[in-house]
Amino acid sequence: MELKYRALEGMHDILPEQSLLWQYVESRWREHCRRYGYGEIRTPILESAELFERSVGETSDIVSKEMYVLQRGEERYALKPEGTAPVVRAYLEHGLYSGGGVQKLYYITPFFRGERPQKGRYRQAHQFGAEIFGAASPLADAELLCMVMDFFMSLGLPADALELRLNTIGCPECRPAYREAVRNFGSENFNRLCKNCQARLERNPLRILDCKECFEITASAPPIDPYLCDDCRAHFEGLQSLLKALEVAYVRDHRLVRGLDYYTRTTFEVVASQGLGAQNALCGGGRYDGLVEDLGGPPTPALGVGIGVERTLLVLQALHAPVPTPPPLDVFVVAFGDAARPVALQIAQQLRRAALATDLDLEGRSPKAQMRLANRNGARFAVLLGEMELAQGIATVKDLHTHEQHAVSQRELSSWIKTRL
RNA sequence: GGGAUCGUAGCUCAGUCGGUUAGAGCGCCUGACUGUGGCUCAGGAGGUCGUGGGUUCGAGUCCCAUCGGUCCCCCCA
């Protein structure tokens, strides 16, 4: 069969079998966030394109070459390419800062980036996100990292399959000096850098640090530590001692500078050793203390994380983590003869209202075919209705495990079955 | 945006140096007491071999283009 229409490149349908997995990790995420005091936020898929240009950065790859932009009249909209900016926008729009104190928001959202798809990278992907507003203390960073690592653990991912990478990139006060130091380093080694990085040296010199091609050269690049201002140093040291106290394992990664413009101080990633191929970052995030103000709000320290749902699923499968199996049907109602079909539907409705997972044939199939369906769907009981049962107001209930059959009054069907499930 | 690789039934794949009606397994449908499943057996449906050109007496097999999938670079979840 030639397909006239198919899903767009890099976009995928999620079929029932996979949906089960999605629902599982989603419910885990929701429960997890609840335990940590988060409330859910849902923001539109479409936002003003400018929101992302201002926050993620016009020169970032995400905005400059991957964002889906729609033009309608004078307005320019963008399919959200990441989750944080819309949440910050909503935080401001609804004055969530006005209550004072800390706001914790979590979300589950699709996002869109027009990249060439590969393993773990799609044009529509999904993200579990969590953002904390109004907390400047490293306590917040530590709690967020705990929450993330605990989340992966709760999915049955062994600690040795994951690695938390941590860094600080300073703040607008101390980063310029470090930026200059890296730029100088780059200039001294200009001819050895790849073309990409030679260009980066002007706009965003820190990005040469996480270039894979220039990995060997930048190994000797200056670390940020001596350049950190007192506050940034204290923050980072505070975070590290908290992580030690909490027994959260991490590795310091001097190169972790990340590609979104809004980050300050803490940056982190969790990478997986198996299942992901080249795109091995399961999640990424950090602090963005300047973003709320940049978008027109009051100065508000903030931080957050985005977890790739597809990537999480890939790792779960690669590591054979325990996942739910399709729930079996409780009951399949079988009609012998056309006269019994309407009754079969009535009885199915009665059972469904009693919270029993019930199905029946809708095609007018033979009794044998109906029994096959019952079996294939994993039903525990078959409720058989024929002339004899109709005449007596009963049903024959067959236990598909033991093959035993009982005559049960139609009125008492659901309670009879429930006590035997 | 650049590159590699693949594209035969719903799924997983076979198809020999180009040769006649394109196969298997799984799945699906029907039947083997005209009111009863799982196993077994017997039948059956389902493919313009991604698409379009070309070479040839003849193309699923060779060539070109095109469209998709997968993976890699880039970048990131």
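Here is how names work: the chains are called A, B, and so on, in the same order as the sequence lines, proteins then strands, and each is numbered from 1. This structure is a prediction, so every number in the text was calculated from the model and none was measured. All values below were derived from every heavy atom in this structure, side-chain atoms included, with hydrogens, water molecules and symmetry-related copies excluded.
- Less than 4.0 Å separates RNA chain B from at least one heavy atom of each of the following residues of residues 366-376 of chain A: A/Lys368, A/Ala369, A/Met371, A/Arg372, A/Asn375, A/Arg376.
- In summary, the side chains of A/Glu131 and A/Tyr106 do not present any donor paired with an acceptor at a separation below 3.5 Å, with no hydrogens or angles considered.
- Between the P atoms of B/G19 and B/C49, the separation comes to 16 Å (whole Å).
- Taken residue by residue, residues 115-132 of chain A places heavy atoms nearer than 4.0 Å to RNA chain B at A/Glu115, A/Arg116, A/Pro117, A/Gln118, A/Lys119, A/Gly120, A/Arg121, A/Tyr122, A/Ala125, A/Gln127.
- Within 4.0 Å (heavy atoms only), A/Phe332 reaches no atom of the nucleic acid at all.
- Within residues 267-279 of chain A, the residues having any heavy atom closer than 4.0 Å to RNA chain B are, in order of number, A/Gly277, A/Ala278, A/Gln279.
- With A/Thr266 as reference, A/Asp141 is the one residue of A/Asn167, A/Asp289, A/Asp141, A/Thr168 to meet the side-chain hydrogen bond (donor to acceptor under 3.5 Å, both in side chains) rule.
- A search for ring pair (Phe, Tyr, Trp, His ring centres under 6.0 Å) contacts involving A/Phe52 returns nothing, not counting sequence neighbours.
- Evaluation of the salt bridge (Lys or Arg N to Asp or Glu O under 4.0 Å) test over residues 390-416 of chain A, restricted to residues two or more places apart or in two chains, returns A/Arg380-A/Asp399.
- Within residues 6-13 of chain A, the residues that have a heavy atom under 4.0 Å from RNA chain B are, in order of number, A/Arg6, A/Glu9, A/Gly10, A/His12.
- Base contact: A/Glu387 has a heavy atom under 4.0 Å from a base atom.
- Judged by a 6.0 Å distance limit and a 45° cone about the ring axis, A/Arg255 is positioned over the six-membered ring of A/Phe215.
- When the P atom is used for both B/G58 and B/U20, the distance is 15 Å, rounded to whole Å.
- In this model, a side-chain donor or acceptor of A/Glu389 finds a partner on the base of B/G35 within 3.5 Å.
- The P atoms of B/A59 and B/C41 are separated by 40 Å, rounded to the nearest whole Å.
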